[in-house]
Novice: 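Sending over a structure as structure tokens; questions will come in a sec.
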Amino acid sequence: MTVTVVRKSPVSSDVTQKKLADWHVSMISVGGIIGAGLFIGTSATISAAGPAVLASYLLAGALVWVVMILLGRLARYHKGQGSFISHISGVLGQRSGFVAGWSYAFLWVVTGGAQAVAGGLILNDLFAIPAFAGSAALIVLALLLNTMPVRAYGKSEVILSVLKLLSLTLFVGLGVYWFAKTPDSVNLVHANLMGHGGFFPFGLWAVPVVVPMIVQTFTGCEIAFVASAESDEPEKNIRRTVLRVPFLVLLFYLGSVLVILCLRPWTDVHSGHSPFLLVMDYLAFPFAGSAVIIMTLVAVISCLNSSKYVVSRVLRELSDLGCAPASLAYSSRYGVPLRAVALSTVFEVLIVLSAVWSPSHVYAILLGASGTLILFVYFMVSLSCLRLSRAQALRATGLLASISALLMGFLFLVIPLFPESRLDGLIAFVFIALATGVSFRVLRSSDGDCAG
């Protein structure tokens with residue numbers, strides 16, 4: 001089996017490329033995962049499944065963990081060179097890398113734009129700044145952070161991510177304190193979990209139904225495999241990431257949702273409204289509204305920062321693979337792909353404009369479709385690892401890859417069957433079809449065939 005070799009991006013100095021430390025890699029990944037989706041989006045999953053959403057989070061966490069293991073196997077086989085976009089291209093062929101790479105870049109462009117939109121609304125509530133002006137200011141801030149030397153950028157994301165994790169730790173700690181100090185807290189928790197239709201108010205079927213929504217909110221775990229390419233010890237960081245990032249994400253997501261469900265009846269949670277604010281108000285926390293808003297704003301800035309980072313690196317890698325304009329491969333002497341960063345900024349502004357122009361149509365469709373695409377990318381990762389395992393006679397890896405490919409493929413295909421996500425799934429299918437069609441025009445047919 002042949003493997004595609006990634007060309008080296010042109011930079012002014014070789015020694016300045018790999019600057020990210022171990023924790024930078026992990027925190028950039030955490031930055032992409034914990035955004036407005038946690039502080040507000042959990043309301044949708046709780047409303048859809050009730051207390052049973054806890055089982056959904058465990059199931060989704062297990063699925064993402066399996067994907068992380070497969071990503072790690074691919075990365076180790078390629079000796080930490082390139083991200084999973086290069087690995088897909090090397091194992092399944094350049095055309096597969098083209099479609100997966102542009103799908104992945106698209107979903108993070110939309111995610112970044114969505115974070116900017118959310119941040120603009122927050123700034124409007126806090127300071128009466130026009131929403132578009134606030135969104136533009138946050139995009140400029142992320143642009144400035146992403147044009148800094150790679151290691152300086154990594155430090156900025158560590159600070160933002162640590163602030164988020166400290167906020168969530170405080171939130172969970174307040175829940176534990178309430179449980180320890182409140183008389184009859186055990187009965188109150190039991191009533192909240194079991195007294196409003198039981199633990200499975202929508203039946204057992206609700207558990208798997210919500211899983212695709214949660215897998216989409218976990219999007220970002222794989223950013224570590226993009227960032228590790230710019231670290232000092234990519235293979236070592238990848239091994240740590242496989243163990244560390246899924247644990248951190250599940251701990252803080254599951255811990256936060258558990259506190260919400262234990263302290264308030266799930267029927268009090270309404271989709272689109274922050275359940276964190278609901279709990280903070282119940283606890284009579286001083287300045288509860290402002291505290292949650294600030295927590296959410298920090299999460300938005302951090303997620304936007306990570307989004308721009310991953311889009312720029314994926315665009316550079318696609319250029320290295322011959323799947324994007326060659327100019328996007330250029331990097332400064334500090335290892336920053338400035339042209340790719342600038343292009344990602346243009347895309348984010350377009351997403352914000354779509355929200356201003358048509359918030360309930362174009363913007364909503366783009367946001368829904370982008371979330372669905374992560375399932376497709378995970379499916380492609382699983383297929384790559386499955387083919388690699390067969391070539392290398394790795395039975396355990398092959399079994400995991402087979403299970404992951406079946407589950408991710410199933411989740412991706414059933415999304416259009418649900419009325420609330422039908423349009424999202426169809427638009428995602430259309431995007432993949434368009435990307436495939438474009439690949440036949442852009443790539444030479446001999447290069448697009450699967451590597452055998």
Side-chain angles (χ1 to χ4, degrees), residues 30 33-61 118 122 125 161-204 206-207 209-211 213-214 217-218 247-300:
V30 169
I33 302 164
I34 302 177
L38 171 61
F39 292 97
I40 300 173
T42 46
S43 61
T45 57
I46 293 172
S47 299
V53 76
L54 295 171
S56 301
Y57 272 97
L58 287 173
L59 182 56
I122 292 173
D125 290 338
S161 293
V162 167
L163 286 175
K164 288 189 298 187
L165 296 181
L166 288 176
S167 299
L168 292 173
T169 301
L170 174 61
F171 180 78
V172 174
L174 287 173
V176 174
Y177 179 80
W178 172 89
F179 183 81
K181 293 296 184 180
T182 302
D184 205 27
S185 57
V186 173
N187 288 331
L188 289 173
V189 169
H190 184 271
N192 289 333
L193 292 177
M194 303 295 183
H196 301 271
F199 192 79
F200 299 95
F202 299 102
L204 288 172
V207 173
V209 165
V210 179
V211 167
M213 297 170 59
I214 298 175
T217 64
F218 284 172
F247 173 75
L248 283 174
V249 173
L250 193 58
L251 174 66
F252 285 100
Y253 262 88
L254 193 63
S256 300
V257 173
L258 180 61
V259 168
I260 292 167
L261 292 170
C262 286
L263 269 66
R264 303 305 302 147
W266 71 269
T267 50
D268 288 355
V269 177
H270 302 289
S271 183
H273 298 273
S274 174
F276 287 81
L277 180 57
L278 176 70
V279 171
M280 298 286 267
D281 282 336
Y282 172 71
L283 294 174
F285 188 82
F287 309 106
S290 298
V292 172
I293 289 174
I294 292 172
M295 286 167 58
T296 307
L297 181 61
V298 171
V300 161

Novice: Applying side-chain contact (heavy atoms from CB on, under 4.5 Å) to F199 and L261, what does each step give before you reach the verdict?
Specialist: CA-CA 11 Å; F199 192 79; L261 292 170; over 6 Å; no
Novice: Within a strict 4.5 Å, meaning less than it, do heavy atoms of the V53 and I214 side chains meet?
Specialist: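 Result yes, sub-4.5 Å side-chain heavy-atom pair found.
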Novice: Would you give the length of the straight line joining atom CZ of R264 to atom CG of L188, rounded to the nearest 0.5 angstrom?
Specialist: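 Here the interatomic distance stands at 9.5 Å.
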Novice: Of all the heavy-atom pairs spanning F200 and A52, show the shortest one and how long it is.
Specialist: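 Heavy-atom minimum between the residues: CD2-CB, 3.5 Å.
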Novice: Is the closest side-chain heavy-atom distance between I34 and Y253 below 4.5 Å?
Specialist: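 I34 vs Y253: side chains touch.
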Novice: Any chance you could measure L163, atom CG, to I294, atom CD1, to the nearest 0.5 Å?
Specialist: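 Rounded to the nearest 0.5 Å, the CG-CD1 separation comes to 11.5 Å.
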Novice: What distance do S47 atom OG and H270 atom NE2 have between them, rounded to the nearest 0.5 Å?
Specialist: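 Spacing of OG (S47) from NE2 (H270) equals 7.5 Å.
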Novice: Quick one: do L258 and L254 satisfy side-chain contact (heavy atoms from CB on, under 4.5 Å)? Show the steps, please.
Specialist: CA-CA 6 Å; L258 180 61; L254 193 63; 5.5 Å; no
Novice: In Å, rounded to the nearest 0.5 Å, how long is the span from CG of L174 to OG1 of T169?
Specialist: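 Result: 11.0 Å between the selected atoms.
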Novice: Got more than 12 heavy atoms from elsewhere within 6.0 Å of OH, Y282?
Specialist: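 Counting neighbours around OH of Y282, more than 12 heavy atoms of other residues, nucleotides or ligands fall under 6.0 Å, so yes.
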Novice: Which atom names give the shortest non-hydrogen contact between V292 and S274, and what distance separates them?
Specialist: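 Answer, listing the atom of V292 first, then S274: CG1-OG, 3.7 Å.
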Novice: Should L263 and F179 be marked as a side-chain contact (heavy atoms from CB on, under 4.5 Å) after you check the CA-CA gap, both sets of side-chain angles, and the distance that decides it?
Specialist: CA-CA 9 Å; L263 269 66; F179 183 81; over 6 Å; no
Novice: Under a 4.5 Å cut-off applied to non-hydrogen side-chain atoms, are L168 and L38 in contact?
Specialist: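 Of all side-chain heavy-atom pairs linking L38 with L168, at least one is under 4.5 Å.
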Novice: Just wondering, do F171 and I260 contact through their side chains at under 4.5 Å, heavy atoms?
Specialist: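 In contact.
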Novice: With rounding to the nearest 0.5 angstrom, report the CG to CE distance, L170 to M280.
Specialist: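 One finds 6.5 Å between CG of L170 and CE of M280.
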Novice: Can you name the closest pair of heavy atoms from P51 and L193 and give their distance?
Specialist: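 The answer is CG-O, 3.4 Å.
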Novice: Show the nearest heavy-atom pair for residues A48 and A206, with the distance to one decimal.
Specialist: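 The answer is O-CB, 4.2 Å.
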Novice: Would you please classify the geometry between the W266 ring and the F202 ring as parallel, tilted or perpendicular, with 30° and 60° separating the classes?
Specialist: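 Geometry flag for W266 against F202: perpendicular rings.
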Novice: Nearest heavy-atom pair of K164 and A299: which atoms, and what distance?
Specialist: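 Taking every non-hydrogen atom into account, CD-CA, 3.2 Å.
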Novice: Donor-acceptor check, side chain of S56 to backbone of V209, threshold 3.5 angstrom: yes or no?
Specialist: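 Between the backbone of V209 and the side chain of S56 there is no qualifying donor-acceptor contact (under 3.5 Å).
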Novice: Flag the pair V259 / W178 as yes when at least one side-chain heavy-atom distance between them is below 4.5 Å, and no otherwise.
Specialist: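 In short, these two side chains do not touch, never coming nearer than 4.5 Å.
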Novice: Looking only at heavy atoms, what is the nearest atom pair of H273 and S43, with distance?
Specialist: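 Minimum heavy-atom contact is O-CB, 3.3 Å.
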Novice: To the nearest 0.5 Å, what is the distance between OG1 on T42 and CZ on F276?
Specialist: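 Output value for this atom pair is 5.0 Å.
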